[in-house]
Each structure stands twice: as structure tokens, then as C-alpha cells.
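Values in this document were obtained by computation on a predicted structure and should not be read as measured data. Read the numbers this way: they start at 1 and go in the same order the structure lists the ligands and their atoms.
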Amino acid sequence: MTGLWPHQYEAADLAFRGRNVIISTGTASGKSLAYLTPAVAACLDGGTVLYLTPTKALAADQLRGLRELRVTQLRAACFDGDTPFEERTWVRQHANYVLTNPDMLHRSILPRHAQWSTFFRRLRMIVIDECHGYRGVFGSHVAQILRRLRRVCARYNSSPTFLLASATASEPGAFAMRLTGLEMHEVTVDASPKGATTIALWEPPLTELRGEGGAPVRRTATAEAADLLADLVLADVRTLAFVRSRRGAETVALTARAKLADVAFSLSSHFPRTPPSSATATPEQTADHHASASEQRAGIADHLDTRSSARADEPSAEAGNQPSAQISNEPGEKGGDERTAADELGKESRERGAVPDSSLSWALPDMPDQPDWSELPNKIAAYRAGYLAEDRRLLEKALRAGTLMGLASTNALELGVDVSGLDAVLIAGWPGTRASLWQQAGRAGRDGRDALAVLIARDDPLDTYLVHHPQALFGRPVEAIVLDPDNPYVLGPHLCAAAAEIPLTDDDLPVFGDTTAAVLDDLVAKGMLRRRPAGWFWTRRERATDLADIRGGGGAPIQVVESSTGRLLGSVDEPSAHTTVHTGAVYLHQGETFLVELLDLEAGVALVSSATPDFTTFARDITDISILATQRSQPLGPGTLHFGEVEVTRQVVSYLKRRLQSGEMLGDEPLDLPPRTLRTRAVWWTLPASAVAPLAEAGIDLGGAAHAAEHASIGLLPLFATCDRWDIGGVSTELHADTGLLTVFVYDGHEGGAGFAERGHARAVDWLTATREAIVSCECERGCPSCIQSPKCGNGNEPLDKRGAVQLLDTLLPPQ
Ligand SMILES: [Zn+2]
Ligand SMILES: [Zn+2]
């Protein structure tokens, strides 16, 4: 086994010996080699391998890699929604390396296991790639699908070895055990070589624009990313910008190209003659800009962690270790007046015929002798999921060759497409977890050289907190991956599916966890399953697998249909439909943008059309909450912290429109949707009247203070639980009917809970301390979207009391 890094060898060796193992390492550390070696060996030895990934694209890439091995005995094939029916029989009967996803396993392979009997009988190894994607409710579903898979394997007398591959995560062994239900060895050391990566944390400036309640609006992360991308490309730095949506990625690429076109225009008209006009940069001015750039760099250095990372797989951040790229575009260099929406689109500078000064200062030092300036804009492109493999390869090739210098992308790249040879990575908005941040940042650094990664903050409390508190990013372990397979709303449908596959017996109970017996009783009582002496049976006509919507949160899903073509784009679970595909919503599907023409709840359909609106939408709801059962309570300062079951009644009442590029508020449109109730879990804290009376006497609006603290705490919870702020909700009140006290609730937005509120309860002091810090760090005076305003507030962000929220949290939190 020469040619393997020690971590690859260790994982492969464990798998060879039949031990279940999870390998959890950084990007580009060659995880695939660790599982390929034993997996291919299993095939050569007459066995079969099942390979699972979250996406079809990654399976297709893996398949290509396997075919390039040119091993004749290896009969690898994808089995997913795109596999033609005539090929499916061949795959079932002859393939010995099957690549699929959890959805296909759930809907097709497991229910028809008899057709796969030859495959299952010889199954030696199950590879679960990119398994860090299996978190929250989706992860809980996948955990139950894997338990069903284990049961089907046992039926065919096979006991395959599980080999899991994950991005860096805390406690990967514990996560893998929760996911599979099996004991798991963990391999976490990363021995692959890496240069140092400088991480810059970038906060866009406040603009003159005004949002809700007159709050200042920050320049958007995408506008800043476009500026930086243009500047870096001009400085000959190969750069990849990660942007959330395909539309956003295209906007960044277009804006950056427009900036390069300005530069090209200006250079071709002014160079090599001495620029005469004061509107363009003179050499002296350029020198001045360099001086100011170094001052700005000193400012950036303040944001950088100066500590070398102790972990080999995390980029180290050293202030003195900047690569050749010089960031001169620190907020503040351009006058505040210039930072209008028009400027963001590059219009203003085009009209002036001038080059953004900071860009010119980059370009002048290395000007070639006979440059073809008109080609300059073509050095930047957008890259997205959905491109054909050939197109993607062309882009990758151009990037490696240097004919392409800048790429704006959705995180499609993160899912296994190979782009190497980059100098810098721009990340527009917190990607959700430290693990994803390091994974994206890890794209930079070719051949072990030094690299730059810039995290650009969005106007969100968590982003604000992070750019002001680098210690929350550096020198910390990455997040643990949270999932809750015992959630009865997840377990129930999978027990039905399992019973439909092979009737359940008492022996199966331990496979599905401690709560199985109680959930089975409930299913029998509801008439879903029948209890007979031999076990539990599915006797209904419909397909049991339809009960579980594994990528949603349960309930009958709403079909999202393109109205002009009738094409089914996907489905959204009913609870999320109210917030994501209401009439008038901007709906993103695989990075593509659609506008919802009509949401018809009775027909279960949302009709959408392809569109390029220049705004985004946020659904706003009003919420009531009642406590069903308190499971845990403990004192917190003068107050009390609780965790338990709640019933939430939510009604989406309107949606907010904000301009895409500037973030400016465009209006609030009413909606007519019915209320929904949700039984879920929540964390909540209360403060007694004696503790809050002094605050009220000091003139603080207690309702506004609690409301502001609630918003900010929802924004910060994703730092402690791997969730999105859209996975959770909150309610705050000066006096709650169930507690009789000032109470702030944060609840899981999924039926039965998803483990997020529980995590908030476990980390309450750190979480609420960070919440307080986030509010204090924001430079706005009375609250803005970067601290206490919430885009989904059903009360139109009223009332909010920023200073009151800080004092309320000071009262609650134990002195540090
Ligand atoms: Zn603010
Ligand atoms: Zn609110």
C-alpha cells in the first residue's frame, strides 16, 4: 500500500479488517483513495459495493473516476432518478459497484430489495461519502434509512463494512454511530501538505440607504465580493468566489466583468500616455493608494488571528503571512456617497469613464508590453451546478491554464468537483459552519503555496458577530454534526416502510432505537400498522415510503411546477411551503431563480416561472406558543432556563421584498394563508419580575428588549447547532400566559424537533453571551439587520430595543 498517506492507510486498513470506520479530514486530503482501495478490492474478490452520496452530480463524478481506473472486473454504475429504466435491470443484476443517493435507497432499492437479492447477498462494503451533509431532519431520515438497509442486508445474510467519509467535524465517531447505529472507528489526522492560508474577515460598510424603521442598510456581501474578485484578478491572483445562489454568482461575475471592462477601457485610452485628468489616477496618486493600501492592510491585520493553528487540517492564519495579493479595498476607501446601488453595478464608474481607483493601483505594476485589454473581462466567469460535465471540464482547464483567473460559483464546487490551483477564495456570507468555511477556504493554495481566503459578512447577526470575534473561528474545533434519529415524526414513517419491506419483529426493536416500541404502539393505534403474533405488518395499499418526505419536514409535499412547461422542479414540504413558495415568492432551485405565480394549497401545487427579479423575498409570520411539557429546568442567573415540548401556531401573514444588490427594502406584501400548528421542542428562558423591574424603571421597553434578544439569539444559534436560522423560530413576550413571566422561546421549526433547540439548551451560556456580543458589536445606533432586525419578523420588527436587549442579557447572564 505505498503511495497512501498514513490517514488513508489507517482507514483502508481498518476497512480491510472489516471494522466500520469514519474518515474525517480536510479538503483535498485524498479521502476517496482511503475508501477506493478496499472497495475496489472487495469487487475484485467477488463482492459488491454500495456507494452513497447526497447528490447525483457527485455520484457521476465518482463514476467517471472509477471508469478511469480501467479495472475490467469492476462493473460500476449509477442508479438514480436519471438512470433509464432499461438500464436499471442491468445495474441490479450485473453491477458490482453501485453509486446512488439516500432518496433512491429509500424509494426504490429498499422497497424492491427482492430484485436486488444477488447484489445484497454479496454486499461487502457500504461507502457513505460527504456524510457531513446528513444533519438535522434530513440526517435523521438518512439514519433511519440506513437502519432499514442494515435490516435488509441481514435478510440476505450479508454484514457489510461501513466506510464513511466526512469533512472535518467534531466527534466524528459519535456522529457516525448516531447515523448508522453501529460502533465506529474514527480516523481524523490529516497528513496532506498545505501552505499557510491567510484568512481575512471583511465587513461591508453601512450605506446611506435606509431599510425597515429607518435602519441603515449595509452594502451587500455580493457587491463587495464582485469588487474584490475584480481587484484580485487584476492583481493576477486566481480567485474563486463562493456565492449562495446561482443568480448571485452570476451577478458577482457580471459586476466584476463590468469593472474589468471599465479598467480595460480606461487603460486602452490612457496608457501608455500620462493620464492627464484628475478623474483618473496619476502615478503619484497610485503611489498614494499604495500607501493607503498598506494602512488598510494594517487594519485587516487587526482582524486576523495571529495564532498558528494547532490542527494540521485547519488553515493557519498569520498576519505577517500575506500572499502577494494586497487588499486595498477595505471599506472606507471609497467615499460613503459613492457607495450607491448604481456604484455597485459599476454604472457610475462607467459613466465617469473612470476606473475604480483601488483597481487601477493593482493593475499598473505588472502591465505587460502589448496587452490586449479588451480580453480582460473574459478572465472572469460564473460556474454553476447543472453545467454539463464537458463544460465544467473546460472551465476547470481554463482556470488551471490561467486563461480564466476568476470564477464566481455556488457551492456546487464543494460537492466533489475538482478545482485546484487557486490563490484566493472569497466567501460571500457565512457558509453556515466552521467545517464548511474551512472546506471552502481549503480550495485556495496551489502546490502547497500560501493562499488567501476572505469571509465577507452579510447583514446578519451571526456574520456580524464572527467578523468582530475571530476567536470564534480560529483555534476552535469545528462543529459536531447534529441529528436526532429518535424524533418520532421521523421514526414513524420509516417503521412503516421497514414493515412493508420485511414485517417487523421484536428482534428489530433495538435496531431502530429506544423509542421504537412506543412509536409502534402509536402506529398500530392510528391504523397504520397491524399487530399480529408474528410481528408488525404494513397492510395498506399505498406505498409506505410515501409517508416520509426525507428532504422536507413531513406532511403532504407541495409540488413545485414550472407553469410554462409543466416540468416538476421538486417538492417542498407543506410547512415550509408557506414560507418558501407562497404566491409572489422568489424561489431558488439548484441555484436557479423562479418567481411563484400561485400557491394552491388544496391542489398541493406551486406554479412558478423562470425569472430574474432584482429583489429577494422573506416570508413573515406571527406566532403563538404554548408549553406542553417541561423536560429540563435549571437556574440561569436570576432567571430559569428550560427545555421541553411546545405547540407553536404560526401564520405567514406577508412577505418582505428587498433589493438584491443593495438590500434596500422595497415593500411588505400581505398574504392570505391559514395558520398551522407545530408540535416541536424549544429552549426558553424566563426572568422574574423582581429582576426586570429595575430595567423597566430605567425606561427600558421590556417587550422590545426581549424581542430584540430573541431575534439576535435566533441568528446566533447556528454557531452552536449546525442549523440554518430558517430551521428555527422564536417567540418573546413581556408576560407569557404559561410562565407568568418575561419569556423568550427559541424552537425547532420541524415537527417533533430536530435537535437544534436541545443543543441551544446545552450551550445556553455561550450562546446567549455570543448573542449579547453580536448586538454590542454592531455599530448601528438603534438596531439593523446585522444585529436585532429579523427578515422574517411577523411584527415588522416592532418593537425593538437594542440597548434594552443588552441590559436584559446582562441581567440574565452570570457575571463573567
Ligand atoms: Zn445593527
Ligand atoms: Zn420579531
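In summary, the aromatic rings of His711 and His707 are positioned with their centroids under 6.0 Å apart.
Donor-acceptor pairing under 3.5 Å is recorded for the side chains of Asp668 and Ser654.
Ring pair Trp684/His642 is parallel by interplanar angle, where below 30° counts as parallel and above 60° as perpendicular.
The angle His707:NE2 - the Zn ion (ligand 2) - His711:NE2 amounts to 90°, with values rounded to 10 degrees. If you put the vertex on the Zn ion (ligand 1), SG of Cys787 and SG of Cys778 sit 120° apart, to the nearest 10°. Between SG of Cys780 and SG of Cys784, the angle at the Zn ion (ligand 1) works out to 110°, rounded to 10 degrees.
When the shell of 6.0 Å around CZ of Arg782 is examined, it contains 12 or fewer heavy atoms from other residues, nucleotides or ligands.
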